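Note that this is a predicted model, so its numbers are computed, not measured. Chain letters run A, B, ... following the sequence lines, proteins first and then strands; every chain starts at 1.
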Amino acid sequence: MSNYKPSEIETRWQKYWLEKKTFKTPENHDKPKYYILDMFPYPSGSGLHVGHPEGYTATDILARYKRMKGYNVLHPIGWDAFGLPAEQYAVKTGTHPRITTEKNIIRFREQLQMLGFSYDWDREVNTTDPDYYKWTQWIFLKLFEKGLAYEDEAPVNWCPELGTVLANEEVIDGKSEVGGYPVVRRPMRQWVLKITAYADRLLEDLDDLEWPESTKEMQRNWIGKSIGAEIDFQVHEHDEKICVFTTRPDTIFGATYMVLAPEHHLVDVITTPDQKKDVEDYKEKAEQKSDLERQEITKEKSGVFTGAYAINPANGKEIPIWIADYVLAHYGTGAIMAVPGQDERDWEFAESFDLPIIRTVQPPEDFEGKAYTLDGPAINSDFLNGLYITDAKLRIIEWLEKNGVGKKSVNYKLRDWLFSRQRYWGEPFPIIHVDGKPKAVPEEELPVILPEVDHFQPTKTGEPPLARATEWVETTDPETGKKALRETNTMPQWAGSCWYYLRYISPDYDGGPVDKGEENYWMPVDLYVGGSEHSVLHLLYARFWHKVLYDCGVVSTKEPFQKLVHQGMILGEVEYTAYEKDGKMISAEEAAGLDDVTRVRLSDSDVEKKGDRFVMKGTQITVDSKAHKMSKSRGNVINPDDVVVRYGADSLRLYEMFMGPLEQVKPWSTKGVEGVNRFLNRAWRLFFGDGDEDVLNISDTEADAGQLKVLHEAIKKVTEDIENMRFNTGISALMIFVNEANQWEALPRSVAEPFVILLSPFAPHIAEEMWNRLGHKETLAYEEWPAYNEEYLKSDTVEYPVQVNGKVRANIEVPAERAKDKDFVLGLAKQQKNIEKYLDGSTIVKEIFVPGRIVNLVVKPG
RNA sequence: GCCUGGGUGGCGGAAUUGGUAGACGCGCCGGACUCAAAAUCCGGUGUUAGCGAUAACGUGCGGGUUCGAGUCCCGCCCCAGGUACCA
């Protein structure tokens with residue numbers, strides 16, 4: 001065999017790595033460690049898509065690189081295997097989710113191994129494995145002990161027709177995704193985790209993380225900390241007080257009315273008899289609107305007067321109390337003091353209902369808007385007049401506290417985490433109910449095994465599927481011997497993924513979720529790579545659990561993931577779409593607003609660029625050119641298996657890294673895969689020629705200066721690019737090496753071997769094969785990474801572009817030893833024919849000389 | 001609306017952070033090999049003008065700073081993702 005045959009060499013090396021356990025994590029702690037983690041996949045029925053290998057290749061390159069740099073590397077993978085699709089499939093077909101899940105895991109594992117990732121397969125974790133979820137339950141008990149898990153009534157999406165609770169994503173326009181049946185909000189007993197208790201720490205500790213700024217910002221917004229004050233407003237002729245939260249207590253003199261959320265508990269108490277009907281009607285309407293609907297209507301504000309008045313504590317004035325759905329029941333206190341002068345929403349409402357508006361901050365003279373929300377001196381505000389916002393706030397809070405009508409207060413957008421699901425395929429809660437009260441299952445009894453049930457739907461009464469396992473549900477309290485009922489809710493999919501990175505560290509440890517000694521060595525995760533769709537929820541929940549475990553002494557770091565990178569989505573191939581209406585082709589702009597147009601898919605040979613648009617060849621008819629998300633319905637899904645069969649795993653890996661920066665969204669191009677495949681073929685021929693016989697085109701001659709320069713340039717570039725995760729330019733450096741080396745008479749071994757090492761993280765199979773054919777008997781996975789020598793990078797001459805008035809007019813070559821000699825270089829520059837031309841009849845007013853970079857002569861006519 | 005990215009050849013993308021814009025790959029054009037094709041190899045390829053040396057223009061748009069701007073500053077436009085009555 002002499003031609004490059006990926007299918008042969010790839011299977012051979014994959015087998016070698018598995019059998020020899022090449023990538024087994026070292027057990028000693030004698031070297032620096034590097035923990036590199038992928039977001040583990042949900043093993044879906046459709047297998048791997050091309051998005052998975054993108055992030056996984058990036059981490060694999062780093063893992064292989066770090067091993068060769070002398071690190072102990074922990075690079076594991078596992079399965080986030082609880083989840084809805086397997087359960088839905090079970091409901092439909094009766095197949096136990098365990099069966100489906102096992103089958104899918106086998107497929108995923110094969111696919112990942114087929115791509116040559118250097119995972120330690122002895123550390124696989126599976127969230128559905130009782131040995132794993134034992135510790136998920138254990139962590140839940142910690143939360144429960146600390147009072148961070150509590151029961152509450154919370155509304156769920158209940159679909160009476162399907163007899164089941166639906167996740168938000170299963171509800172479309174108030175109807176079930178499956179079948180289109182109506183969905184209603186119905187309160188149910190739920191488990192809730194008190195993540196809000198950690199809000200401040202989750203916010204503050206973001207600062208020290210090497211995460212994308214956008215992700216940190218999203219988490220900050222999600223937590224939504226705002227500092228302000230709570231103020232009590234006495235209801236006129238009632239004993240009740242209404243407490244409001246405001247970030248602008250300084251505007252209190254401009255509070256001309258109050259608004260309660262329709263759900264506010266005081267609404268019924270304070271509403272006057274003659275307003276009762278209006279208020280009831282409004283409440284009913286608001287109730288019927290879904291959350292989405294209430295959010296959509298941003299323009300027209302609606303509301304009703306309750307008939308009651310409150311006393312503004314700052315000036316003793318009576319102000320009307322309204323209810324309106326622009327005030328949200330679950331934020332702040334569910335009630336606001338409305339200050340239309342300084343708040344756009346309040347201004348709109350005041351205008352609609354003819355309520356008074358008082359400005360309490362002086363807007364600038366040229367201000368033409370309505371509400372003025374920026375800084376300025378206070379007006380119409382008694383003792384605050386003249387103070388700017390910051391000072392006015394301090395002053396009024398002091399006053400409120402002194403008079404006992406308010407205090408400084410902090411509020412968060414973050415809400416407690418609804419932690420239970422009415423599902424089968426999830427972790428059972430380690431909770432029993434004795435005399436109607438929840439009680440922890442003793443630690444020794446963990447895991448609470450997911451029971452078998454006859455069907456996977458909820459019961460007729462709407463209880464979760466686990467309620468069907470009556471023998472399991474009806475138990476006794478081991479402590480008192482009393483009758484007890486097991487919790488029948490299950491945990492959400494997030495639970496297993498909240499701590500899996502810890503289990504990899506000591507997957508078989510049975511003294512706790514993680515072995516303390518190992519944890520000390522391996523944590524934190526040095527690099528975590530995964531999709532940006534997990535920017536908020538998964539990453540926030542995992543951070544929350546980690547902090548709880550930190551408080552319990554289970555982990556030693558405050559944060560789990562030191563550095564985070566999101567890979568960008570891979571789109572389908574670029575598509576050109578033309579539009580046809582009534583048998584005539586029309587331009588894309590024209591077609592935009594019309595519905596009865598036919599889309600025509602064009603190939604790239606049918607279109608050409610005209611200006612900044614594409615048109616149909618030879619016409620003025622513009623077409624759309626766009627890469628779309630891959631989707632089954634569009635038929636543009638690229639299957640990694642097919643790519644591997646045609647071009648090999650090394651080509652797939654290389655292409656996905658070569659497409660562009662890792663973080664960026666980028667369109668797929670099969671031609672591009674062919675390009676990198678050609679590169680691997682060229683590299684192969686460089687070593688082994690293209691004849692039929694087995695030859696090795698390697699010489700044992702010494703490398704000359706030119707060859708060393710080419711090699712060390714590659715070493716430098718590839719090393720720096722891997723360190724900075726700029727894989728696309730690193731690969732380009734490898735290509736440059738091969739292009740250069742192809743022109744050499746002979747390839748010295750001393751140059752060939754370091755090149756193979758450089759190539760190996762990207763294309764490990766071909767590199768192992770080359771290494772082997774170079775006569776090495778062992779894997780190259782632990783060879784030393786080559787270092788570059790600055791000496792070899794120097795060249796004999798330095799090239800200077802010569803500019804006149806900032807425009808390049810000539811290039812000169814200067815011997816390296818005189819390159820920093822300003823007079824010499826300038827002298828030479830001025831002698832150039834094309835430069836003389838520009839100097840002639842002009843005077844040089846300035847000479848710029850940047851050593852090793854550029855010469856610029858600034859001239860003036862005359 | 002707000003937040004975060006981003007706009008560079010026919011396409012994906014480079015550019016040492018203020019110093020020759022377009023590395024590398026794709027595509028395209030020409031040539032070699034072949035009866036032919038594929039594969040492979042060699043050469044060319046930002047646009048315009050010119051046989052050419054060369055020149056003008058060129059990094060979303062309009063200004064500015066600088067000897068010099070894709071890179072810095074001011075004002076816009078467009079695209080992608082996220083978020084949304086959060087008081």
| request: Measure the distance from OH on Y331(A) to C1' on A87(B) and round it to the nearest whole Å. | output: 7 Å

| task | To the nearest Å, give me how far apart CE (M569(A)) and C1' (G6(B)) are. | result | 14 Å

| Under 4.0 angstrom, heavy atoms only, what part of the nucleic acid is N739(A) near: base, sugar-phosphate, or nothing? | sugar-phosphate

| Which nucleotide in C11(B), U20(B), G25(B) has an atom nearest any side-chain atom of Q803(A) | U20(B)

| query | NA contact type, T246(A), heavy-atom cut-off 4.0 Å: base, sugar-phosphate, or nothing? | reply | sugar-phosphate

| Y326(A) has a side chain; which of G25(B), A55(B), C85(B) sits nearest to it? | C85(B)

| request: Could you tell me the separation between the CG atom of D721(A) and the C1' atom of A14(B), rounded to a whole number of Å? | output: 11 Å

| Going by a 90° cut-off around 0, is U59(B) syn or anti? | anti

| query | Any N or O donor-acceptor pair linking the side chain of R853(A) to the base of U16(B) at under 3.5 Å? | reply | yes

| message | Using heavy-atom distances to pick each residue's nearest nucleotide on RNA chain B, tell me which of E674(A) and N728(A) is more 5'. | response | N728(A)

| Excluding sequence neighbours, so at least two apart, what forms salt bridge (Lys or Arg N to Asp or Glu O under 4.0 Å) with K822(A)? | none

| said: Could you check whether K301(A) makes a cation-pi contact with Y326(A), meaning its NZ or CZ is under 6.0 Å from the centre of the six-membered ring and within 45° of the ring axis? | reply: yes

| message | Using every non-hydrogen atom in the two residues, find where P262(A) and Y282(A) come nearest and quote the distance to one decimal. | response | CG-CE2, 4.0 Å

| said: What contact category does S535(A) fall into here, base, sugar-phosphate, or nothing, at under 4.0 angstrom with non-hydrogen atoms? | reply: nothing

| What's the closest nucleotide to the N834(A) side chain, out of A87(B), U54(B), G68(B)? | U54(B)

| query | When you match K846(A) and Y655(A) each to their closest nucleotide on RNA chain B, which lands nearer the 5' end? | reply | Y655(A)

| query | Is the glycosidic torsion of G81(B) within 90° of 0, making it syn, or is it anti? | reply | anti

| Touch check for I848(A), heavy atoms < 4.0 angstrom, all strands: base, sugar-phosphate only, or nothing? | base

| query | With a non-hydrogen cut-off below 4.0 angstrom, is E217(A) in contact with a base, only sugar-phosphate, or nothing? | reply | sugar-phosphate

| task | Give the nucleotide from the list C67(B), A56(B), U20(B) with an atom nearest to the side chain of R809(A). | result | A56(B)

| task | Look at the side chain of K609(A) and the base of C11(B), then say whether one donor and one acceptor between them are separated by less than 3.5 Å. | result | no

| query | Looking across every strand, which nucleic acid part, if any, lies under 4.0 Å from R220(A) by heavy atom: base, sugar-phosphate, or nothing? | reply | nothing

| Do T196(A) side-chain atoms and A199(A) backbone N/O form a donor-acceptor pair below 3.5 Å? | no

